[in-house]
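So the structure is just underneath, and the comments pick up after that.
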Amino acid sequence: MKIICHGGAGHTPKVQDGVDKAAEEGWKILKETDNPTLAATAATIIMEDDFRFNAGTGSCLRDDGRVQNDAAVATSDGRMGAITNLQDFKNPVLVARELLDEFVTMLAGEGAIEFALKKGFKQTKVKGSEKGWTGDTVGAVAQSSDGKIAVASSTGGVRGRPVGRVGDTPLWGSGFYCDESIGILATGVGEAITEQLMCYRVYQHSKNLEKALEWGVKLLPKDTGVGIIAIRNDGQIYGTSNTSMPLKIIED
Ligand code: GLY
């Protein structure tokens, strides 16, 4: 069993305790259930509920002052769910998780809101963080005792971007990728990560996970913040960034 969590590329080490708490919660759920999807989402929820992170309650604001969230979940058995521009839900990652068992894999804006309400989530004002954010997307990758992998990711996006802007986080192959061999998440400047199809290209190089992630980070200029975390089904686990990125691994 394994879990790796990150608190966002560019985030200060001061929030390491929040990432530790997320990993510990994910680990507890993994031990109890051996279910990597429940573990990865449980870890992500801890950071969505911590105002210091750019996700859920602490999300940065769009250029008109509102909060719009993106989130994604995917599993090694070939399921995925992603939402984008979801407004005023406390835990967007849970809405994305609901899509795992639907025919539709991705919903945006009004459609995402309607889906969330139909699934029983409460729409409630998410204030977001008016202060300049110092961190990006949060997320977790977990692996069960029999090698199943899941990834979960959530973000408020990038401060000051326009309403309706879509970053890398909900985009398959850019901000997340998962199949029977690997689970990968990216964090950082969404436009740059998307242009590089970051997670899918890292997967293509991933026989040696450490080298692949270091290669992936170097796809972007040094001054463009990016981080990547991943678990391979043979047990390799690694995370790296070209900037500060609070990270926590727990494994047995
Ligand atoms: N990486 C999150 C975003 O750019 O939206």
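Order of listing sets the numbers, starting from 1, for every ligand and every atom in it. One is the number of the first residue; the rest follow in order along the sequence. Just so we're clear, the structure is a prediction, and the values are computed from it rather than from any experiment. FYI, side chains are in, hydrogens and waters are out, and symmetry mates aren't considered; it's all heavy atoms of this structure.
Close approach to Thr169 involves these atoms of ligand 1, each under 4.0 Å from a residue heavy atom: 1 (N), 2 (C). The distance from ligand 1 to the heavy atoms of Thr137 drops below 4.0 Å at these ligand atoms: 1 (N), 2 (C). Ligand-side atoms of ligand 1 in range of Asp168: 1 (N), 2 (C), 3 (C), 4 (O), range being under 4.0 angstrom from any heavy atom. For ligand 1, the atoms closer than 4.0 angstrom to any heavy atom of Gly167 are 5 (O). Residue Thr155 has at least one heavy-atom neighbour below 4.0 Å for each of these atoms of ligand 1: 2 (C). Of all the atoms in ligand 1, the ones that sit under 4.0 Å from a non-hydrogen atom of Val158 are 4 (O).
Checking only distances, Asp136 does come within under 3.5 Å of ligand 1, N or O to N or O. Considering backbone and side-chain N/O atoms, Gly190 comes within less than 3.5 Å of an N/O atom of ligand 1. The shortest N or O to N or O distance between Gly157 and ligand 1 is not under 3.5 Å.
Applying side chain to side chain donor-acceptor pair (under 3.5 Å) to Lys90 and the options Asn69, Asp49, Thr124 leaves one that passes, Asp49.
Remark: Phe51 pairs with Thr57, Ser129 by the side chain to side chain contact (heavy atoms under 4.5 Å, CB included) rule, at least two apart or across chains. Residues that satisfy the salt bridge (Lys or Arg N to Asp or Glu O under 4.0 Å) test with Asp17, not counting sequence neighbours, are Arg52.
One finds the OG1 atom of Thr187 at 10.0 Å from the CD1 atom of Ile228 (value rounded to the nearest 0.5 Å).
Classified by interplanar angle (parallel below 30°, tilted 30° to 60°, perpendicular above 60°), the ring pair Tyr203/Tyr200 is tilted.
With a 4.0 Å cut-off on non-hydrogen atoms, Arg165 touches ligand 1 through its side chain and not its backbone.
A donor and an acceptor atom, one from each side chain of Thr137 and Thr169, are located under 3.5 Å apart.
Asn208 contributes a side-chain N or O that, together with a main-chain N or O of Glu210, makes up a donor-acceptor pair within less than 3.5 Å.
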